[in-house]
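What follows is a set of notes on a single structure, which appears directly below.
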Amino acid sequence: MGRARRRHNWKARAGARGAAQARPQEQPREHPVPAELQLGDGAKLKGVDESNALVLPAKKAKPKKAPSAVHHQKKPLSKKQKKNLQKILEQKEKKRQRAELLSKLNEVQASEAEMKLLYTTSKLGVGERMYQSKRVVQEPGSAVPEKIRSISGANKRRHSSESESEEESSSEEEKEEHKQGTETSSASDLNAAEKLEEGTKKPLANQQAVPTAPVCQTASNRLSCKPVIFIPVDRSPEIQEARLKLPILAEEQVIMEAINENPIVVICGETGSGKTTQVPQFLYEAGYTSSNGTIGITEPRRVAAVSMSQRVAKEMNLSHRVVSYQIRYEGNVTDETQIKFMTDGVLLKEIQKDFLLLKYKVVIIDEAHERSMYTDILIGLLSRIVPLREKKGLPLKLIIMSATLRVEDFTENNRLFSVTPPVIQVDARQFPVTVHFNKKTPLDDYSGECFRKVCKIHRMLPSGGILVFLTGQAEVHSLCRRLRKAFPFQKNNNAGVDDDREESVKEIRKFKKSRKQKKATTLPQIDLDNYSVVPVDEGDEDRDAETDDDIAGSDMDLDLGDGDSEEDEKPDSSLPLYVLPLYSLLAPEKQAKVFRPPPPGTRLCVVATNVAETSLTIPGIKYVVDCGKVKKRFYDKITGVSSFRVTWISQASANQRAGRAGRTEPGHCYRLYSSAVFMDFEKFSAPEITKRPVEDLILQMKALNIEKVINFPFPTPPPVEALAAAEELLIALGALKEPPLTGRLKEQQAAKLSCPISPLGRIMATFPVAPRYGKMLALSKQHDCLPYTITIVSAMTVRELFEEFDRPAVSEEETVKLKGKKARLLHIQKIWAGQGALQKLGDLMVMLGAVGACEYAGCTPKFCEENGLRYKAMLEVRRLRGQLTTAVNSVCADTGLYVDPKMKPPTEAQATYLRQVVLAGLGDHLARRVQAEELLDEKWKNAYKTALLDDPVFIHPSSVLFKQLPEFVVYQEIVETTKLYMRGVSAVEPEWIPALLPPYCHFGKPLENPPPSYCPETGRIRCHRPSVFHRVSWQLPAVEVDYPEGIDRYKYFARFLLEGKVIEKLDSYKRCLLSSPLIMLKTWSKLQPRTEALLQALVAEKCDNRDALLAAWKKNPKYLLAAYRQWLPEAMHGDLAKNWPPVL
DNA sequence: GAGCACTGC
């Protein structure tokens, strides 16, 4: 019922908005909701995939960046090509060997989990044979050059030369298909997962065998040979001209032929190649949006989705109704939309509603190299959706776009794509960037090294912006401060500069020497081919380009060791430097400054964290200073405890940073580490999915009925420990059905990693928040708590609600200002925390109070500024509240919920209830204060203990409960810094724990005191049971629960029945009973035949509660009469029989 | 008694 209504609502809403994007009423039952994804390891063919995986560009390969000075440039590098190719192949071979080993390991794991699925496994064998036999016919060795030629335009020949083998394989394919068909019909329970399984093998045939894919083939023939479909686009001349400069335009033919002929294509092209804006246009022009098809493009960031849609609309001269975007909270999609840009999470949610993504003809996954969690999952899902769509005769094209050539995880993974998709490389329009390595790698003072390098660049090198990469806010601010001190400039005539206190400067002088300015036009141009020998640590290769200069170290390398820092620190106002900080949490208006040109006569210097690497592109940067470090969050796979660590970046990251110098003109990148250190960097950083807790992802997948998550074709799978931890948490939250505790241990363990989703889990999965929070929402309908839970959950989900005032100030003046703000925030937080029962909600009450107060005041930037709140965060909370309110309403329409800007604080009772809701969601995040008698060591003073950690944890000093130290608390997260600190803390009453978290408790025998009782409301026996918390065995207060199943429950039921508490009519016989009902419980009760008779009668019909008894009487009105009669004198037997059964 | 990079539903 709930589901039907939900669908109805969705339709109604979509209609009302005039945004009928989907037609959910179409084949509502046909969407295959796979019962599970059963995926075998596809057959692996040695010798073929490694050469086939990387179809090199028709033109050229990018050189490896080994030397100390390297140009990223467009020049063809034919000399090096062979060498590079050799290198690449060597690396690939190594990788392949490793992958083979891994896949063998996976096979072992998978086969253990799949033991009972013999049916599927046997079919897999068939698939393997199919695959191999076909490839043998094709002569694997010749596959690669053939493919390249076909892509570069000689496809007619290819068609004819392959036709023979195609025929052969197709007839074989038909036979196999026939076989499979009979098998299928004999197995009545063939589920959608197995359909998926078949689907995986389909493209093998489709690519090579014409008859099996009539739709696809005709379409491609039409498009590649005789393009009858061509949708004209009316572009303005200026756009047309700009477009023609993009290298990707030259590759249109190649790209479109590859797409027409293959279901899945990989396109590699660095930023600047124009692939994101142009490929959708190619597809549009080729008719992929005709007959109501949509082209969907996913981006990893909201801004990208919005700006790309705007740009493509402009380039194509089409309305936003046709080229649209959809991000979490907003979109301009209409029923006319043909090209849709969206964030990856949006498409993932759409798959939940329509597994086959029927409205799309093409899906493009952009920036796949970033390997965000959602793109990885999308690629895994799409690898199955594409063959399913092909089978339906409604082919879907999948295009994976990547900026790097690291695509082996996609192409060489035949669990993912059994046929290696072609890889097309396109050039980027980038200016050459000269890379300079340090001779020495500073051990820890990279910040100081940055300072010296910037000073030198600024003093000695021609104009052009400087971008410095550091790791965190504090570093950014302190470097800004030092640089501003060293190169001050007058800000009076410039409103754009603030919060810095420079020494006043008399006048801003022009750039120093004319000779230096000359340098701008004579930048060294170095041929990459000169660096076939890798020099170590030497930055002076391009010294020839820059010779006599009276200032030491004035060559482009600036690499003359430790510059005189004393001198550097001395203010030099003749060289004004316009220094700006940049990091993600910086207020947007301050961020925006980096996009504006610097004040005249100054040089721009942006000191940034990693935001500048991918998210934000700063114009006019000519010099990049790269410290080579990044601050990353690490999670403990089992406990989920996180910490922040500064580590070396990857080579890919370093190159991405370097590339930021060549956006508008040739540039230079100064790496503050040696080339030897660089060579030791990882090639790429690990995909996000392998580094994070995955419970949210697992819940989403289970909601798609993917039960055996371990068999899902992840491009890179998460660690098994992480999967197990996620599954365990979801079971404890009640989102997954608990595996049966019967069977052998091995089976039990296997079952534990393939639990189906529960009805509660389905509801939780509809909420776009972490499962723990989803559980809170699912529980909060009672006591009018939903608006509060929604607000708390929103506030916990949005990061960094409060402004950070602990950063080092830029000036003394600012120090005072920050101190004042901090004091003010502390004060107001105390007020928001409330008193009494409210205060026990702890930090969550502070969040609730902050949001409540901010909304009450209209959520103005001024209010936020005055009260230490981040305006951007508060807006996000507001939008998330709106989204969650809608989500809750569509699960449960009768709440009549809305977002109330004037929400009152919760009552004391509500606050208490909220704490219980929070406990139910954060059950695994329970901590108990270390008891006095356990205080063995000073380090445990004021400490808490958790179930999973051996070390002490502490309430964070910023918590409002820091001084209260409640006996039990739950926390939002633990972050390890100097100690393990709990953040987002809320107090818990001990007696709630066994009542609300039974999965985490072990219960003891029912207590005698207080004695068991009969509950008139439920008709069941209740009792008090002591309990302990799992793993740590904390004693918890006894809690009243249903009496545990067993003979004693019957005894108590018999007693209360005799006492007339269960059935009212029996009350009148109570005084005439021949024995006391209490003897039912005595150990010697067996000595009395009437106790035994009554007990046996109850057990026989499983009557240990009122409902069961009433049901038994319905079945047999004489039930229990004989046994009960024995308890009464004979004189009453007649009367008793007349009134039996004693109901009505 | 404190120091958190970056994202997506």
Side-chain angles (χ1 to χ4, degrees), chain A residues 298-305 326-331 342-353 365 367 370-378 469-478 582-586 608-616 627 629-634 642-647 649 653 685 688-689 691-692 696-697 699-700 703 764-771 773-774 794 797-808 818 822 826 870 876 879-880 883-884 886-887 941-942 954-959 962-963 973 975-983:
Chain A
T298 71
E299 295 291 335
R301 278 169 291 280
R302 292 182 200 158
V303 268
Q326 179 69 53
I327 59 174
R328 182 165 186 159
Y329 304 112
E330 58 181 75
M342 65 201 122
T343 34
D344 41 20
V346 167
L347 189 63
L348 195 61
K349 278 277 166 190
E350 283 186 24
I351 291 181
Q352 264 181 21
K353 296 193 192 94
I365 308 290
E367 314 280 9
E370 286 188 20
R371 304 298 304 273
S372 85
M373 198 160 75
Y374 287 154
T375 43
D376 268 22
I377 296 306
L378 279 175
F469 282 100
L470 279 175
T471 69
Q473 280 187 46
E475 280 172 14
V476 165
H477 280 292
S478 80
L582 180 68
Y583 47 86
S584 171
L585 288 176
L586 192 68
T609 62
N610 235 16
V611 257
E613 191 180 305
T614 47
S615 303
L616 297 170
C627 75
K629 304 271 183 154
V630 68
K631 193 180 281 173
K632 268 194 194 159
R633 188 170 191 156
F634 288 81
S642 60
S643 56
F644 289 85
R645 274 181 252 158
V646 174
T647 64
I649 55 175
S653 228
S685 33
E688 188 190 10
I689 199 168
K691 309 236 87 184
R692 278 183 47 157
D696 48 348
L697 211 86
L699 182 62
Q700 293 303 313
M764 286 162 61
T766 64
F767 300 133
V769 289
Y773 303 160
S794 303
T797 302
V798 173
R799 60 191 184 126
E800 302 298 330
L801 243 46
F802 303 104
E803 202 103 50
E804 182 60 66
F805 297 127
D806 288 329
R807 61 180 155 87
L818 284 176
K822 197 180 155 188
L826 279 175
R870 278 183 55 239
E876 184 84 7
R879 300 205 280 184
L880 186 51
Q883 195 190 26
L884 292 179
T886 315
K941 197 182 163 205
N942 293 336
F954 298 86
I955 295 180
H956 194 272
S958 68
S959 169
F962 179 62
K963 286 190 180 143
E973 59 171 1
V975 180
E976 182 174 13
T977 51
T978 49
K979 288 176 180 172
L980 292 165
Y981 281 113
M982 300 182 276
R983 316 201 64 163

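These numbers come from the heavy atoms of this one structure, side chains and all, not from hydrogens, waters or symmetry mates. The sequence lines fix the lettering, A, B, ..., with proteins before strands; numbering per chain opens at 1.
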Looking for any heavy atom pair under 4.0 Å, which part of the strands does [X] touch: base, sugar-phosphate only, or nothing?
X	result
A/Lys691	nothing
A/Val346	sugar-phosphate
A/Ser615	sugar-phosphate
A/Arg633	base
A/Glu688	base
A/Arg692	base
A/Arg983	base
A/Glu367	nothing

Please confirm whether the shortest side-chain N or O distance from [X] to OP1 or OP2 of [N] is below 4.0 Å.
X	N	answer
A/Tyr981	B/dA2	yes
A/Lys631	B/dA5	yes
A/Thr609	B/dC6	yes
A/Arg302	B/dC9	yes
A/Arg799	B/dT7	yes
A/Thr343	B/dT7	no

Of the nucleotides [options], which has the atom closest to the [X] side chain?
X	options	value
A/Val611	B/dC6, B/dG1, B/dC9	B/dC6
A/Arg328	B/dC9, B/dG1, B/dC4	B/dC9
A/Gln883	B/dC4, B/dC9, B/dG1	B/dC9

Return yes if a side-chain donor-acceptor contact under 3.5 Å exists between A/Ser653 and A/Glu613, otherwise no.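 Note: A/Ser653 and A/Glu613 side chains meet the donor-acceptor criterion.
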Atom CD of A/Glu299 to atom C1' of B/dC6: distance rounded to whole Å?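 My rounded result for the distance is 17 Å.
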Please determine whether a side-chain nitrogen of the Lys or Arg among A/Glu475 and A/Lys629 lies less than 4.0 Å from a carboxylate oxygen of the Asp or Glu.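 Salt bridge between A/Glu475 and A/Lys629, a charged N being under 4.0 Å from a carboxylate O: no.
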Would a 4.5 Å heavy-atom cut-off, applied to side chains only, mark A/Thr609 and A/Lys631 as touching?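 Heavy-atom side-chain distance check fails, nothing below 4.5 Å.
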Would you please name every residue forming a salt bridge (Lys or Arg N to Asp or Glu O under 4.0 Å) with A/Glu800, sequence neighbours left out?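 Expected list: none.
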Residues two or more places apart in sequence or in another chain: which of them pass ring-ring contact (aromatic ring centres under 6.0 Å, His included) with A/Tyr981?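 With sequence neighbours excluded, A/Tyr981 shows a ring-ring contact (aromatic ring centres under 6.0 Å, His included) to A/His956, given in chain and number order.
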